[in-house]
Amino acid sequence: MDFDFSDQQYLFRETFHGFLEQNHDLKKHAALLEGDGFDADLWWGLADLGLFSMLVPEQFGGLGLSFVDMALVLEELGMELVGAPASETIVATDLIVRHGSEKQQARLLPLLAAGKLRVATAIAEPKSGFGDLNIQAQAASNSNGWRLNGHKIMVPHAVMADLIMVAARIGPSQELGLVMLEPQRKGVVLREQSTLDPACRFYAMTLDSVAVDVEDFLGGAVPQPTSLARLLDVSSAVAALQLTGIAGKVLDIAVAYAAQRVQFGKPIGSFQAIKHKCADMAVAIDAARSAAYYGAWAIAEDAVDRVKAVSMAKSFCGDTARQVCNEGIQIHGGMGFTWELGLHWYLRRAKVLEFSHGDAAFHRERVMAATLAELQRQE
Amino acid sequence: MDFTYSAENLRFRDELRQWLSDNLPIGWGVTVHEPKDEDERARFRLGWERQLFDGGWSGLDWPTQYGGRGATLIEQAIFSEEMARAGAPDGLNIIGRNLVGPTLMRHGTEAQRQRYLPKILSTDEVWCQGFSEPNAGSDLASINCRAERDGDHFVVNGQKVWTSFAQYSQWCILLVRTDRSLPKHQGISFMLVDMRSPGVTVRPLRQISGESEFNETFFEDVRVPAENIVGELNGGWKIAQTTLAAERGPGDAMARQIRFKRELDDLIVAAATLKRGSTSAIDDPVLRQKIAKSIVEIEIMRLSCLRSLSKLLKGSAPGAAASMLKLYWSHAAQGLYETALETLGFLAPLTDGDSLAPAEGRFQLGFLQSRAFTIYSGSSEIQRNIIAERMLGLPR
Ligand SMILES: Cc1cc2nc3c(=O)[nH]c(=O)nc-3n(C[C@H](O)[C@H](O)[C@H](O)COP(=O)(O)OP(=O)(O)OC[C@H]3O[C@@H](n4cnc5c(N)ncnc54)[C@H](O)[C@@H]3O)c2cc1C
């Protein structure tokens, strides 16, 4: 047993850290509100470092690494607010590796490894709630072939995506599955949504009798009834890592500020009220890391306790990011409330992630159910 | 990162499971529980510890030359899991195993290690920790209890307080002032004192829970051989830091996690049987949220112990990381007991002795005991100072 990362894994993180430090900052982040909101330089820089090839097996031109290898890198991306489409492309890669048909893997994985395919996921619907229970989007076949109908919301960077992975009920069995299509397809209508974090570039997507083919279903002709559950879990695990990254970053910023901001003739960081807040934040972040890293391992191994591990991580890391972002702003006083300083970018991203793929309460309920099932098995 | 069990690991687990089912009293945890009388309970716990030792399960992570098993990290993790699953009792010699062991292994002479360590595991010698005094708690370096040289002995005079298990102990790790002329951190020595020496008086103190686990301990002209000083004369403060780090570190926390996990499992069972109107408490969505929060927090405690141990194995120093772990678990565990009482709802006030008290009042007792978690081993405020100043580098 070893609950630590390898030197190589730490090295990966350092590489990405160095690159992001050089090439990304809050100013560039704020600029994403203009234009199409997609930073092509950043994307290709990350691609050159191998980000998108990590999960792709070697036979398809990737590095053949596991989700554990991604964990520190995803935390690092979180720190620098690098989210979709990069994060969603990584999630989709995992899904295609696990659930894609041979044909789909041969076609998509080399493109993904080269950074030539941007993927967005489309799960939530106006009335779906969290999870997959109430998903209504539907692919049905008639004499003209398959048609996809439905409404999706909060599809990040949908216009810039090459492929959108849509959660839908498929065929007469209504089994949940994933359908992959290009946003340009006839019948796809995108409307940009106004959100708490405008840099996320969320779109509502209407699917009006969109022609799809069996080849568009993840897994092809072979149904993949567990693929959507995995998509939700991988997305949650990624969100947990990113939330942890954000929390770590905000603590660093707050500590640096507390050490240099002087009031009453002393750095405010010498006051216990501030100092102790910072210590509590550090403790919460350390615990969040334990949960997020274990979640990553459970995803990598598809462990028997995957659901519980992921839900522990998502709930705890969401709560932690909430605490740390709020306190981080408090420690900055009036400066913390300004647009200019930019702390709000972390708050905004953390808030969006907190409510993506199930909030803390949703995931705690999953933990409860999984624990009861465990106890029952033991009896 | 690796959490998978090899065939050898599984053999270790099966062996332990078998041993537990052979050695725990029949009906353990269902019809048979720990004795309620404190002295009987202490004897019971010591007896259990002895059984573990005889079975080769004590001092799992200790080197074999001191009677340990030299187990790997995964074996330690499996051990915790299995002990929790079996609801195994605690031991009594917690200070000996968790504090004295690591301290002597790091700072003791080989002669001291040979003399003291094996008897800790064999339960022949129980230990207590004489650090705190009436005027030296958080500010531990202000201790006043003094030891003066007299030939090849030291003569100890003074008072300690909150000395847990002193009434059951043969030995004590004692912090004493050996030089008043030096600055307060520099005139302290760390010594091993035989509690059976003439001049040692132990007076139990009644605790919040009604129990008397801790004591006042008085030393009046107690003669201690000079060879019982650990490390250098006047070099005791540094050694005490090792003890405190062990007290706050993953070894101690891992053992506690077993107990909290067991409490949680019992709580869930209680919640399934307790009625709330027409449904069970476990069906109450508000309660489910709170219980789940505790499940997550206590499970993270285990994960954080494993993370910490993994790092320690690679040679990183414990230090402030131990304070993070202690601060984390103490509050998480207090939360667990608050949730436990909320789960019992209107029956929460009933304690042991009333026939209607759920689980014979165990959760109420646990709740009262949990108030100490954020006080001993360095209060939460002290841990926060340590974390903020030593880890985050904030100004004093
Ligand atoms: C159940 C139990 C068992 C114990 N067992 C042992 C034992 O076996 N051996 C042993 O030696 N000791 C033992 N102790 C003692 C324990 O270590 C002390 O109680 C603890 O260190 C606090 O010291 P104090 O009680 O003197 O409180 P004080 O130091 O007087 O603290 C009182 C309050 O002031 C706060 N405070 C103090 N200084 C600061 C500061 N600088 N900044 C902010 N807040 C501060 C504290 O956090 C606390 O809230 C035990 C205590 C308990 C409760």
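The figures here come from the full heavy-atom set of this structure, side chains too, leaving out hydrogens, waters and symmetry mates. A note on names: the letters A, B, ... follow the listed sequences, proteins ahead of strands, and every chain is numbered from 1.
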Pick from A298(A), A71(A), S270(A) with the largest number of heavy-atom pairs that fall under 4.5 Å of chain B: S270(A)
Heavy-atom closest contact (I300(B) atom, A291(A) atom, distance): CD1-CB, 3.7 Å
Side chain, backbone, both or neither of E389(B) within contact of chain A (heavy atoms, under 4.5 Å): side chain
Any I291(B) side-chain heavy atom under 4.5 Å of M368(A) side chain: yes
Region of T4(B) that comes under 4.5 Å of a non-hydrogen atom in chain A: both
Heavy-atom side-chain proximity of L375(A) to D265(B) below 4.5 angstrom: yes
Contacting moiety of N385(B), where chain A heavy atoms sit under 4.5 Å: both
Contacting moiety of I268(B), where chain A heavy atoms sit under 4.5 Å: side chain
K277(A) portion near chain B, given a 4.5 angstrom heavy-atom threshold: neither
Q289(B) side chain vs R364(A) backbone, donor-acceptor pair below 3.5 Å: no
Closest heavy-atom pair and its distance - L394(B), A258(A): CD2-CB, 4.0 Å
Options M324(B), Q383(B), R396(B), ranked by heavy-atom pairs under 4.5 Å with chain A, top entry: M324(B)
Portion of Y293(A) that has a non-hydrogen atom of chain B nearer than 4.5 angstrom: both
Between L372(A), D252(A), D319(A), the one whose heavy-atom pairs under 4.5 Å with chain B are most numerous: L372(A)
Minimal non-hydrogen separation, W297(A) against D2(B), with atom names: NE1-CA, 4.2 Å
Salt-bridge criterion met for D280(A) and R384(B) (N-O under 4.0 Å): yes
Donor-acceptor pair, side chain of R307(B) and main chain of D286(A), under 3.5 angstrom: yes
Chain A contacts, top residue of K293(B), Q76(B), K314(B) (heavy-atom pairs, under 4.5 Å): K314(B)
Side chain proximity check, V296(B) to S315(A), heavy atoms < 4.5 angstrom: yes
Residue among S304(B), S308(B), C305(B) satisfying side chain to side chain contact (heavy atoms under 4.5 Å, CB included) with S290(A): S304(B)
Which portion of I78(B) sits near chain A, non-hydrogen atoms under 4.5 angstrom: neither
Step-by-step side-chain contact (heavy atoms from CB on, under 4.5 Å) determination, M312(A) to I295(B): CA-CA 9 Å; M312(A) 287 193 345; I295(B) 294 172; 5.5 Å; no
Non-hydrogen atoms of S310(B) and D4(A) that approach each other most closely: CB-CB, 4.1 Å
Selection from L327(B), L392(B), T72(B) maximising heavy-atom pairs under 4.5 Å formed with chain A: L392(B)
